[in-house]
Amino acid sequence: MRKAGGNVGITSIPAWAALETHYQALRDVHLRDLFAQDARRGESLTAEHDGIYLDFSKNRVTRRTIDLLVALAEARGLRDGIEAMFTGHRVNATEDRAVLHVALRAPRDASIRVDGEDVVPKVHAVLERMSRFAERVRQGEWRGFTGQRIRNVVNIGIGGSHLGPEMAYEALRDFADERLEFRFVSNVDGSDISRALRDLHLAQTLFVVSSKTFTTSETLTNARTARQWVLDAMGDPAAVRNHFVAVSANPTEVEAFGIDPQNMFEFWDWVGGRYSVHSAIGLSLMLAIGPEHFRAMLAGARSMDDHFRTAPFERNLPVLLGLLGIWYRNFFGAQTHAVLPYDQRLARFAAYLQQLDMESNGKSVDWAGRPMPVDTAPVVWGEPGTNGQHAFFQMLHQGTTLVPCDFIGTIEPAHGLQEHQDLLMANLFAQTEALAFGKTPEEAQREGVPVEQLAHRVFAGNRPSNTLLIPRLTPYTLGQLIALYEHKVFTQGWIWGVNSFDQWGVELGKALANRILTELQSDDPQLAHDSSTNALIERYRRCRRR
Ligand SMILES: O=P(O)(O)OC[C@H]1O[C@H](O)[C@H](O)[C@@H](O)[C@@H]1O
């Protein structure tokens with residue numbers, strides 16, 4: 001099989017050289033001029049799929065830029081890459097694994113084979129088990145050890161076993177069963193679990209221990225603490241059965257932890273942690289919104305999957321977002337990318353995307369281990385609007401750094417406060433306009449800005465943004481949005497030629513932490529770190545509570 005990005009360095013192909021030349025011609029052209037030259041630009045540089053509308057006209061591009069970027073995608077074999085992923089090839093080459101989060105939302109009659117085995121029936125079997133379990137908890141049939149109804153669900157997990165479910169729960173709370181309280185515990189910092197559990201009755205609490213590997217120290221530490229508290233409260237080890245279920249790809253470790261495999265919901269090594277929200281990792285979410293809404297989320301993601309797989313690149317939403325990202329990262333040298341949902345319900349979306357994007361494409365060697373000749377993942381960050389406007393937007397408008405932005409807006413709110421909604425959306429549109437067009441010294445002067453303040457009160461503009469509009473925030477559209485960004489990340493990773501599906505970069509710190517943990521808990525003065533780390537450990541040892 002061809003590997004990500006083919007075998008030739010990205011900078012040596014003609015499509016790259018053509019983009020370099022084009023960049024030189026376009027770098028100083030202002031968006032004001034691009035809009036002035038083409039009265040229909042705001043309608044033509046757009047793309048739409050199944051209700052998701054992307055306006056990419058406020059980017060520093062022309063139609064030719066898009067053609068050249070599409071040519072780059074073609075030259076890097078993106079079409080083959082997409083097919084390879086969707087058909088179960090081992091595109092995660094360093095771990096020799098297929099990458100099949102798309103199989104999690106495949107229809108029942110689809111067939112996707114890994115090592116000769118069709119994985120679709122397995123996916124649907126787990127979905128059905130999850131659904132039956134979720135219904136039992138929601139109907140009050142599944143009870144705590146003392147016979148009380150479950151009122152609280154605590155998801156214990158970290159990284160991909162936390163960020164997706166937490167983000168989606170926050171986004172879809174309007175669809176959640178209000179008789180259940182949900183908490184998401186991730187940090188090994190004891191304040192996380194102690195605050196989460198402080199006001200909960202353990203007799204009414206179900207813990208969903210979510211971990212692909214079931215060896216992650218934060219999750220196991222939190223789960224052990226929760227189990228101890230349950231045992232202390234109930235006084236009987238048999239209580240674990242009623243209060244703990246597991247979501248994992250590692251049944252052996254689940255059993256070793258003491259959770260009955262009957263109470264385990266499985267997923268597989270071909271689902272990456274950061275791509276797992278549509279797998280059993282979504283169990284807490286399903287408990288909240290119910291199986292039907294969960295399936296609607298899968299259907300939304302599937303719609304975006306089909307679009308990604310079949311739409312021409314110049315109209316393909318994930319491909320366009322990916323290509324525009326490459327344009328800014330590699331040609332304009334943009335170091336960060338802001339994601340700004342004008343929807344409070346998407347407050348955790350940027351945090352979720354940070355793992356999706358930065359853990360996937362934060363690589364400095366290509367799939368074959370050769371140093372990358374160009375930059376890869378930007379720093380992804382963001383906060384919901386309008387909050388960000390009163391915090392960091394100053395820098396977006398007048399700072400020295402170019403920050404390409406994705407603005408995400410929802411047209412119809414779930415609340416009836418239309419005045420709020422109009423104000424929110426007015427701000428979104430205003431920000432993209434202000435960033436793109438700025439304010440010239442002449443305009444400022446006409447408004448009566450005194451000459452001595454002029455330099456401070458002009459806006460250079462020419463700051464690019466995408467605007468994504470979604471009709472409503474529902475399980476279906478959230479599924480679309482998640483898949484949109486998953487495939488954007490795939491597009492970029494494939495074109496750069498990195499393996500977007502491993503994460504060796506998180507290992508070193510983990511291994512060192514294990515070693516330091518034993519040193520913190522012993523009095524052995526022998527420390528063999530650098531002088532800074534030694535001194536920090538010694539200081540902590542001297543001061544820590546015994
Ligand atoms: O689900 P788990 O196996 O507990 O892993 C949780 C997380 O921790 C790891 O360190 C990885 O960097 C993440 O990709 C993963 O999502």
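Values below: all heavy atoms of this structure, side chains included; hydrogens, waters and symmetry mates excluded. Order of appearance sets the numbers: ligands from 1, and atoms from 1 within every ligand. Just so it is clear, the model here is predicted, and its values are computed rather than measured.
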Taking everything shown except Q335 itself, do over 12 heavy atoms lie less than 6.0 Å from its CD?
no

Hey, could you give me each pair passing ring pair (Phe, Tyr, Trp, His ring centres under 6.0 Å) that has a residue in residues 276-295? Not counting sequence neighbours.
F175-H293

Under a 3.5 Å threshold, yes or no: a donor from one side chain and an acceptor from the other, between S194 and S191?
no

Side-chain donor-acceptor pairs of residues 510-521 under 3.5 Å, sequence neighbours excluded:
unit_1	atom_1	unit_2	atom_2	d
T518	OG1	R515	O	2.7
E519	OE1	H529	NE2	2.7
E519	OE2	H529	NE2	3.4

Mind telling me whether F349 and Y485 have parallel, tilted or perpendicular rings, with 30° and 60° as the class edges?
perpendicular

Under a 4.0 Å heavy-atom cut-off, which residues neighbour ligand 1?
I158, G159, G160, S161, S211, K212, T213, T216, R274, Q355, E359, Q503, V506, K510

H487: partners by side-chain hydrogen bond (donor to acceptor under 3.5 Å, both in side chains), with sequence neighbours left out:
D305

